[in-house]
Amino acid sequence: MHKVILHPTVLLSVIDHYERVQDPEKDDQRVIGVLLGSKTRGVVDVINCYGIPFEESEEGVVFLDSQFVENMYSLFKKVSSHERIVGWYSTGTSLSNSDIQIQKIFKQFSTNPVYVLIQTGGSHDFPAKAYCSTITSSADGREVVETMSPIACERGELEAEMIGVEYLLRDIKGHQEETVSSNIANKRRATDALREQIAQVLSFLEVADITKPSVRRVLLLLQDVITTKPSAKDQRVAEALAVVTQEIAAASLTAATGSLLTIVHDVIDNRVMLRKQKEEKEKEVLEELKEKARKAEK
């Protein structure tokens with residue numbers, strides 16, 4: 001094996017598995033699961049996965065339910081018959097002493113399984129590393145040692161996955177607070193991307209041979225794009241854009257006003273609560289002083 005291709009759905013499933021298992025009273029808990037996909041000419045394409053029950057003692061002894069692995073795989077096989085067990089995954093920051101033991105267990109489900117370590121700590125451009133087991137022997141040939149060797153790991157995605165991830169990121173971003181600076185930055189990035197695409201089209205037109213049918217089809221598509229673009233010089237289009245802009249500005253003003261009123265009401269409620277707490281505390285102190293005065297008179 002010389003490369004592992006990891007799809008976004010696998011990363012999302014591993015993150016979901018990791019978040020569901022975590023216990024607030026315990027340290028960072030490790031989770032383990034099975035990788036499903038295919039192998040072609042030394043390239044492992046991982047397109048699916050599922051978590052499995054796992055426990056590890058302080059002495060490094062691993063408890064893994066092999067029957068659960070087989071039962072889950074039989075269910076996944078009914079849905080997608082071309083998916084095979086190609087390895088296993090684990091969360092953490094580095095290799096563990098028990099990885100070799102787990103690797104040996106997975107060899108009964110797949111020949112030369114791959115191990116993908118999903119790094120949960122810190123920030124990474126791509127939080128995954130792949131390994132495969134290699135067997136080496138000593139110079140005299142008496143001792144055989146199995147070690148985990150790193151292999152290339154990269155992200156791969158289908159068109160449907162790209163669309164799904166894009167919409168997921170939009171939903172996540174929708175829950176975050178947007179500011180004027182972030183909106184300007186987003187528009188600037190979109191403009192830069194559009195400029196790069198236009199430059200690619202111009203570079204293509206400079207060297208294109210219009211006698212070829214494929215080039216003619218591209219030119220027809222470009223013509224459709226240009227003709228369908230709304231012209232800002234048209235008075236009706238300009239008025240429509242102005243109306244839309246005014247509506248967006250009015251909606252933003254209404255939302256900002258509502259948010260401000262909510263904050264003001266929260267501040268007022270907080271001050272009222274603090275005043276009541278202060279009055280109650282003063283009453284308690286006064287009652288204690290009166291009680292002490294009564295005892296002193298007696």
Side-chain angles (χ1 to χ4, degrees), residues 1-21 30-52 54 69 72-96 99 102-103 105-107 109-134 147-173 186 189-190 192-194 196-197 200 204:
M1 299 299 168
H2 61 270
K3 184 170 68 174
V4 174
I5 299 176
L6 209 61
H7 287 248
T9 51
V10 178
L11 290 173
L12 293 174
S13 298
V14 174
I15 293 172
D16 177 68
H17 182 199
Y18 173 78
E19 292 293 337
R20 285 187 289 105
V21 170
R30 184 186 185 191
V31 298
I32 284 180
V34 179
L35 298 176
L36 301 175
S38 60
K39 297 180 182 179
T40 306
R41 297 178 181 178
V43 178
V44 181
D45 190 22
V46 183
I47 59 178
N48 207 346
C49 67
Y50 60 88
I52 57 176
F54 166 76
V69 175
M72 287 294 295
Y73 174 61
S74 63
L75 295 175
F76 273 88
K77 194 173 181 180
K78 293 178 180 179
V79 178
S80 182
S81 59
H82 65 278
E83 295 179 2
R84 299 287 185 272
I85 296 179
V86 295
W88 59 287
Y89 71 81
S90 171
T91 58
T93 56
S94 59
L95 293 175
S96 176
D99 290 341
I102 301 174
Q103 181 77 356
I105 295 175
F106 273 90
K107 283 185 177 180
F109 305 109
S110 174
T111 57
N112 195 13
V114 296
Y115 167 44
V116 175
L117 174 64
I118 308 296
Q119 296 174 306
T120 55
S123 58
H124 311 275
D125 294 335
F126 186 61
K129 294 182 179 180
Y131 301 88
C132 66
S133 58
T134 56
T147 58
M148 303 297 289
S149 302
I151 57 177
C153 183
E154 62 184 37
R155 186 182 69 181
E157 50 192 13
L158 303 174
E159 184 177 0
E161 291 176 326
M162 292 174 61
I163 297 173
V165 171
E166 181 180 355
Y167 276 96
L168 178 63
L169 293 177
R170 286 181 181 178
D171 293 338
I172 295 175
K173 188 176 180 181
N186 293 335
R189 284 194 293 268
D192 293 339
L194 180 60
E196 292 179 1
Q197 294 175 359
Q200 292 178 0
F204 169 77

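- For the pair I118/V116, a side-chain contact is recorded, criterion being any heavy-atom separation below 4.5 Å from C-beta on.
- Using a cut-off of 4.0 Å between Lys/Arg side-chain N and Asp/Glu carboxylate O, E154 and K3 are scored as salt-bridged.
- Within the 4.5 Å cutoff, side-chain heavy atoms of S133 are placed close to those of K107.
- Atoms NE2 and OG, on H82 and S38 in that order, are 7.0 Å from each other to the nearest 0.5 Å.
- In this structure, NZ in K129 is found 9.5 Å from OG1 in T93, a value given to the nearest 0.5 Å.
- Under the 3.5 Å distance criterion, the side-chain polar atoms of S13 are left unmatched by any main-chain donor or acceptor of C49.
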- Task: Evaluate the criterion ring pair (Phe, Tyr, Trp, His ring centres under 6.0 Å) for residue pair Y115 and Y89; output intermediate values, then yes/no.
- Result: CA-CA 6 Å; Y115 167 44; Y89 71 81; 9.3 Å; no
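- Atoms CD1 and CE, from I102 and M148 in turn, are 9.5 Å apart once rounded to the nearest 0.5 Å.
- Using a distance-only test at 3.5 Å, with no hydrogens or angles considered, no donor-acceptor pair links the side chain of E157 to the main chain of P8.
- Closest of all the heavy-atom pairs between T91 and V14 is CG2-CG1, 3.9 Å.
- Outside the 6.0 Å centre-distance limit, the rings of F109 and Y73 are not counted as a close aromatic pair.
- The shortest non-hydrogen separation linking R155 to I5 is C-CG2, 4.4 Å.
- For the pair H17 (side chain) and G51 (backbone), a donor-acceptor distance under 3.5 Å is absent.
- The shortest side-chain heavy-atom distance between H7 and D45 falls under the 4.5 Å cut-off.
- With a 4.5 Å cut-off on side-chain heavy atoms, I151 and H2 do not count as touching.
- With contacts defined as side-chain heavy-atom distances shorter than 4.5 Å, the pair L36/V46 does not qualify.
- Considering CZ of R20 and CG of D16, their distance stands at 4.5 Å, rounded to 0.5 Å.
- Between atom CG of residue L35 and atom CD1 of residue I47 there is a gap of 11.0 Å, rounded to the nearest 0.5 Å.
- Taking CG of L75 as the reference point, atom OG of S80 lies at 13.0 Å (rounded to 0.5 Å).
- C132 is listed as a side-chain neighbour of N112, based on a closest heavy-atom distance under 4.5 Å.
- Between F106 and W88, the ring planes are parallel. Angles under 30° get that label, and only those over 60° would be called perpendicular.
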- Stepwise side-chain contact (heavy atoms from CB on, under 4.5 Å) check, V34 with I52: CA-CA 7 Å; V34 179; I52 57 176; 3.8 Å; yes
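- Residue L117 comes nearest to L95 through the heavy atom pair CD2-N, 4.2 Å, listed as atom of the first residue, atom of the second, then distance.
- Here the side chains of L6 and L11 are in contact, with some heavy-atom distance below 4.5 Å.
- Nearest heavy-atom pair, S110 versus K39, reported as atom, atom and distance to 0.1 Å: OG-NZ, 3.2 Å.
- In this structure the side chain of I85 reaches within 4.5 angstrom of the side chain of V69, judged on heavy atoms.
- Side-chain N/O atoms of R30 and S90 include a donor and acceptor closer than 3.5 Å.
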